[in-house]
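Written below as structure tokens is the structure these notes are about.
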There are 2 protein chains.
Amino acid sequence: MFSFSEENYLKAIFHLERKYQAGVSTNALAEEMETKASSVTDMIKKLSEKELVIYKKYQGVKLSELGDKTAIQVIRKHRLWEYFLVEKLNFNWDEVHDIAEQLEHIKSEKLTQELDKFLGFPKRDPHGDPIPDAEGNFSVANKMLLSELGKAEKGICVGVKDSSSEFLRFLDKNNISLGKEIKVLEKEAFDGSMLILIEERELRISQLISNNLYIKIQ
Amino acid sequence: MFSFSEENYLKAIFHLERKYQAGVSTNALAEEMETKASSVTDMIKKLSEKELVIYKKYQGVKLSELGDKTAIQVIRKHRLWEYFLVEKLNFNWDEVHDIAEQLEHIKSEKLTQELDKFLGFPKRDPHGDPIPDAEGNFSVANKMLLSELGKAEKGICVGVKDSSSEFLRFLDKNNISLGKEIKVLEKEAFDGSMLILIEERELRISQLISNNLYIKIQ
DNA sequence: ACCTATTTTTAGACTTATCTAAATTTATTT
DNA sequence: AAATAAATTTAGATAAGTCTAAAAATAGGT
Ligand SMILES: [Mn+2]
Ligand SMILES: [Mn+2]
Ligand SMILES: [Mn+2]
Ligand SMILES: [Mn+2]
């Protein structure tokens, strides 16, 4: 089917399309893939020949229907494996991403379906991201960033924007995890920091933190 | 660490060493890997530079201690994943090999250990082959081929030599599976076929079959 | 010991995915 | 509108893993 590299590019384009609906630029892709712009151009040409992306020179890329479908299947596998690692193999949520980066490329439709069934058809991965079903459908939750909340408002923690080990371990250390309620007690206009209430604890967090925590308001 | 291709070569050399203790020939490896002898020579040189094999031109290869250890770890992962697929994801024993060929290359020590623990530290894979433990130790069962049994002798089916889908499905169709007792009722000298008794059923099997079924005598 | 067949290695080429450096196109500023 | 800056593509190179065809080494048979 497709190579690891091709699948990784499709996934990257998929994610970047949310931010750049008009088309994903070569440089944006290069940064996301941690590679050089010239390498991106080469790969885009190949993806274009395989009809996975729509590409016109100097105009950026978009996923074709096939590219979109393929990207979603890779993301489905990535998130199912992350769920498996956390729920069945006792991994912490900060340890699973790199292993899922490998597992997402295993080619077997049946494996994916059986894994999904074995896990009980989970709807969200350990970081709160939706897991597409076999048909590629997934619900986009109406979440917002904690930083968007005003004083005295509250919400339930439902996901992370930054899912780096560093950030996740910071959250662990401060006992912040998905499902918990957070109330904004104070908001400092000067630096954007806020004082929050979580499980009867008061905690001061910087804007960098509140900018990377998704919450849902009731 | 090592590439998929390097790991596959190490595994192939490991298996062939059981048959050719004096050293594995280039041609034997080429056949096992379904590739050309010239490609094998190229790869052997690379493995030799990485000190994974002992190689002298025209003399065949042997695994070094490091190569042996590495091969066993790949085999450990292969067999653990096969066990997982059969025991947890409802795969049949004839469907797991190709997927395990992919999964065996996933790099994560912790994943392997946790998977092993999750599965309850199984000792044998679905085809009766031993699963090496974390240190690379595994027990070589004192099994023999069914074809070596004489008339009126019996044994318990403990493994398959040929683990192709075709053979395994043949066994399924005839209700032959690991753990069952087989007694030789008759042995035909002319073509090596035998009449066996398995679960009160009488069955005539060709020598090709009895040559690929391992049994253990009590 | 020599000739021949077989095995193994070497030489040179190809593909995939990447890179650097240079050329080209597009965007921005004066 | 021209000049400059930034983004993008092209040209040419490299490494991994494979191939075909040719050369070299080994093994067998007389
Ligand atoms: Mn992830
Ligand atoms: Mn990946
Ligand atoms: Mn197998
Ligand atoms: Mn393999």
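Within every chain, numbering begins at 1; the chains are lettered A, B, ... in the order of the sequence lines, protein sequences first and strands thereafter. The shown structure was predicted, so the numbers you read here are calculated from the model rather than taken from an experiment.
Rounded to a whole Å, the OH atom of B/Tyr9 is 12 Å from the C1' atom of D/dA16. Distance A/Met1 CE to C/dT16 P: 17 Å, rounded to the nearest Å. Rounded to whole Å, the distance from CE on B/Met33 to C1' on D/dC19 is 15 Å. Taking atom CD of A/Glu6 as the reference point, atom P of C/dT15 lies 15 Å away to the nearest angstrom. A straight line from CD of A/Glu31 to P of D/dA6 spans 16 Å, rounded to a whole angstrom. Nucleotide D/dT14 holds its C1' atom 16 Å from the NZ atom of A/Lys36, rounded to whole Å.
With respect to the salt-bridge test (charged N to carboxylate O, under 4.0 angstrom), the residues B/Glu32 and B/Lys19 do not qualify. At a threshold of 4.0 Å, the pair A/Glu104-A/Lys11 counts as salt-bridged, since one of the basic side-chain nitrogens sits closer than that to a carboxylate oxygen. For A/Arg79 and A/Glu82, the salt-bridge test fails: no basic side-chain N is under 4.0 Å from an acidic carboxylate O.
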From CA spacing to verdict: side-chain contact (heavy atoms from CB on, under 4.5 Å), A/Glu148, A/Glu153:
CA-CA 10 Å; A/Glu148 297 176 72; A/Glu153 295 183 314; over 6 Å; no

Please walk me through it: do A/Lys110 and B/Leu89 pass side-chain contact (heavy atoms from CB on, under 4.5 Å)?
CA-CA 10 Å; A/Lys110 178 164 183 182; B/Leu89 299 197; over 6 Å; no

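Cation-pi geometry between B/Lys88 and A/Phe118 is not met: the NZ or CZ atom fails to fall both under 6.0 Å from the ring centre and inside 45° of the normal.
Between D/dA16 and B/Ser5, no contact under 4.0 Å exists linking OP1 or OP2 to a side-chain N or O.
Atom NZ of B/Lys77 and atom NE2 of B/His105 lie 8.0 Å apart (nearest 0.5 Å).
In this structure, B/Phe4 reaches neither bases nor backbone, as no heavy-atom distance under 4.0 Å exists between it and the strands shown.
Stretches of at least 3 consecutive Watson-Crick or G-U wobble pairs, with each checked distance under 3.5 Å, appear in DNA chain D as C:1-30 with D:1-30.
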Starting at the 5' end of nucleotides 5-13 of chain C, put B wherever the base has a protein heavy atom under 4.0 Å, S where only the sugar-phosphate does, and a dash everywhere else.
--SSBB---

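Between A/Trp93 and A/Pro126, the shortest heavy-atom distance links the atoms CE3-O, 3.3 Å.
Using bins of under 30°, 30° to 60° and over 60° for the plane-to-plane angle, the ring pair B/Phe170/B/Phe167 lands in the parallel bin.
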